[in-house]
Amino acid sequence: MTDFTMEKGADGVAIITWDTVGKSMNVMSMEAWPVLDGLIDDALADEAVKGIIITSGKEGTFAGGMDLNVIAKMKESAGDNPAKGLMDGLMQTHGILRKIERGGMDDKNKGGKPIACCLPGTALGIGFEIPLACHRIFAADNPKAKIGLPEIMIGIFPGMGGTTRLARMMGAMAASPFLLEGKLSDPKKAKQAGLVHEVTAPDDLIDKAREWVLSEPSIVKPWDEKGYKMPGGEPFHPAGFMTFVGASAMVNGKTQGAFPAAKALLSAVYEGALVPFDTALKIEARWFTNVLMNPSSTAMIRSLFINKEALEKGANRPDAPDQTVKKVGVMGAGMMGAGIALVSAMAGMEVVLIDQKQDAADRGKSYTADYMDKGIKRGKATEEKKEKTLAQITATTEYSALKGCDLIIEAVFEDVGVKAEVTKDVLKHVGPDCIFATNTSTLPITELAKASDTPENFIGIHFFSPVEKMMLVEIIKGQQTGPRAVAKALDYVRQIRKTPIVVNDARFFYCNRCIIPYINEGLRMVGEGVAPALIDNAARQLGFPVGPLQLVDETSIDLGAKIARATKAAMGDDYPDEAVDEIIFWMEGEGRLGRKSNAGFFDYDEKGKRQGYWHGLAEKYPLSEDQPDLITVQHRLMFAQVLEAVRALEEGVLEDIREGDVGAILAWGFAPWSGGPFSWLDIIGTPYAAERCDQLTEEFGPRFATPALLREMADKGQTFYGRFSDEKSAA
Ligand code: NAD
């Protein structure tokens with residue numbers, strides 16, 4: 001059995017069917033390339049074959065992309081020279097795709113056979129790069145299908161000709177959303193954009209392609225014709241020049257230079273546009289090799305593709321029967337409860353949304369209506385879908401409506417007493433098997449579980465705000481939480497299509513535990529007279545979406561002050577953040593509560609648009625004459641977070657470094673190019689990390705003290721993914 005098979009019809013059309021053995025979706029493997037190559041050779045050499053159709057044997061999909069082992073195998077193929085292995089491997093695949101593209105033409109572009117590609121559905125990555133090499137792409141009208149080149153999202157770029165072909169097909173400007181942002185389209189939108197040529201009824205797909213193949217004597221791609229000019233202008237054409245200047249500014253502005261793939265992609269397009277097509281492919285292969293040799297791409301692929309998917313598929317799910325949620329009760333219809341009700345209803349669950357007053361419950365439900373209205377405006381939802389979703393939510397004050405719920409998610413005020421009362425009342429109305437989850441962001445789960453007679457059924461399901469946008473859900477096990485509760489939480493997160501991590505109960509769990517020191521380190525620097533712009537920009541140049549001062553404005557200063565007071569009360573003399581509190585309490589006293597009050601570390605205009613940093617800050621905390629260098633600021637911000645992640649691992653709060661890495665990127669945008677805190681430590685090396693911690697400790701204090709685990713690993717020269725690969729955290 002092979003992944004590609006060919007059938008030659010009496011009408012002269014050879015149909016090559018891609019059907020990856022043992023997989024539900026086609027993926028390109030190292031072994032499949034020569035099979036495809038051989039079939040193409042056969043069909044091109046056979047005089048009876050007039051044209052070729054490449055299609056998929058999988059119902060409703062074409063291909064999901066490339067088996068990532070292909071990259072590893074290419075790297076290994078040239079012994080101790082992985083870059084050579086990659087370059088050679090890439091040039092071989094270019095050879096095969098180029099053969100398809102030229103369809104057997106001679107040097108004078110004569111005698112080529114038409115080759116069509118039929119996409120029954122989703123075609124991603126190499127699954128779209130192969131069609132791009134064909135002469136005509138037919139897509140079935142399948143609204144669920146996603147077509148495009150999402151490689152940039154995991155730290156690489158379309159490096160099997162997709163970059164060069166798409167830029168030449170549509171011009172650099174038009175191609176940029178698909179290449180630089182990884183934008184995916186359904187078949188109709190793909191046709192509008194010029195990604196595919198025809199959209200047909202699913203049943204007509206092959207017939208239409210056959211008709212075209214038989215009607216078409218020979219096709220020459222525009223770039224194989226003499227005098228080809230790139231749409232939109234080549235780099236030295238005035239219009240092309242503007243495109244590239246603009247694109248370069250956009251890429252650098254967006255990535256702050258922290259993501260190697262975007263820059264490499266742009267270089268491949270720019271340099272490729274200056275030379276003939278085959279040379280352009282070679283340039284693309286060189287840049288792709290460069291990106292694949294960067295540890296960032298390995299780390300990003302591992303966290304954002306392999307491990308994220310493993311966690312979503314239940315890598316850490318206890319062995320328990322299916323816990324699919326049918327009816328969920330959401331307690332509290334405020335900001336979080338309203339969002340939780342929305343995502344649950346959209347996932348098809350029956351939802352009971354409870355608040356103290358009917359109008360509060362109704363307001364919570366109206367959040368779903370508003371969300372669906374926005375979706376309808378953007379063509380992403382329909383009136384029908386809106387009605388169906390709203391019909392699934394019962395907004396009420398009546399606890400009796402909770403009867404039959406198999407999961408409760410509590411999102412009332414952050415107060416132990418209020419939560420305990422709600423817990424007790426709810427448990428009177430639900431069956432003994434119902435799992436009770438709290439969305440608390442700061443209160444210990446074990447403490448809150450005391451309000452329940454069945455603490456084994458009590459768990460934390462911690463969402464991030466806004467619920468419908470944030471992809472991570474942090475599941476927290478209290479000391480007595482049982483496996484069925486964990487399985488329930490994981491099955492629920494799977495239903496709402498988010499990514500879960502499972503951690504143990506400790507102050508601020510995992511995510512907030514790491515975010516708070518990041519914010520605090522930024523605030524400390526303000527107190528020391530470091531320029532606020534240096535602090536925020538240092539973070540952005542590390543790849544963080546927002547710097548710590550901007551982040552605190554977004555999340556609100558009074559929330560920070562509230563957390564500081566509660567933490568101080570709980571920790572007593574051990575409390576380490578007096579210097580930070582001075583600033584945060586002062587800001588609170590000044591009424592500068594952040595974006596919500598249109599005044600924080602930044603000034604805002606009346607429409608809420610961020611202006612410059614507030615001048616009053618410099619009056620209270622004058623800039624020191626001696627500003628630190630960028631790397632020192634960046635290391636302070638970085639180590640403040642990663643050391644907390646290491647401590648969380650050391651203390652058993654985190655059980656799996658994969659969750660630490662994936663969680664950090666999805667919850668607070670931790671420098672995605674690094675693959676997460678543990679991947680970053682592996683990239684810089686544990687010996688250097690420990691040495692740097694020693695220096696930071698001496699200069700800035702014991703919060704940078706090297707954790708024992710990191711010290712031990714540094715002494716042994718270990719990496720996190722090396723050391724923990726034998727345990728369950730293997731990537
Ligand atoms: P919120 O103030 O917007 O909403 C709380 C809602 O609970 C209010 O509508 C209130 O009327 C209702 N409520 C209070 N007591 C109730 C009771 N006895 N019965 C029924 N309803 C009751 O607060 P929020 O921001 O939605 O936060 C809710 C919970 O989620 C808190 O525990 C908070 O720590 C947690 N959380 C918040 C965020 C965030 O970014 N806001 C993020 C993660 C977790």
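Whatever order the structure lists ligands and atoms in, that order sets their numbers, starting from 1. This is a predicted model, so every value here is computed, not measured.
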Partner residues of Asp433 under the side-chain contact (heavy atoms from CB on, under 4.5 Å) criterion, sequence neighbours left out = Arg484

Can the ring centres of Trp680 and Phe639 be said to be less than 6.0 Å apart?
-> yes

Sorted by chain and number, sequence neighbours left out, side-chain contact (heavy atoms from CB on, under 4.5 Å) with Thr440 holds for Glu414, Lys419, Thr438, Thr442, Leu443, Ile445, Leu448, Phe509

Output all residues satisfying side-chain contact (heavy atoms from CB on, under 4.5 Å) with Lys428, sequence neighbours left out; order by chain, then residue number.
-> Asp425

Atom pair CG/CD of Leu654 and Glu644 - distance to nearest 0.5 Å = 11.0 Å

Can you label the angle between the Phe544 ring and the Phe670 ring as parallel, tilted or perpendicular, going by 30° and 60°?
-> perpendicular

Non-hydrogen atoms closer than 4.0 Å to ligand 1: which protein residues do they belong to? List them by chain and number, please.
-> Gly332, Ala333, Gly334, Met335, Met336, Asp355, Gln356, Tyr399, Ala411, Val412, Phe413, Glu414, Val418, Lys419, Val422, Asn439, Thr440, Ser441, His462, Phe463, Ser465

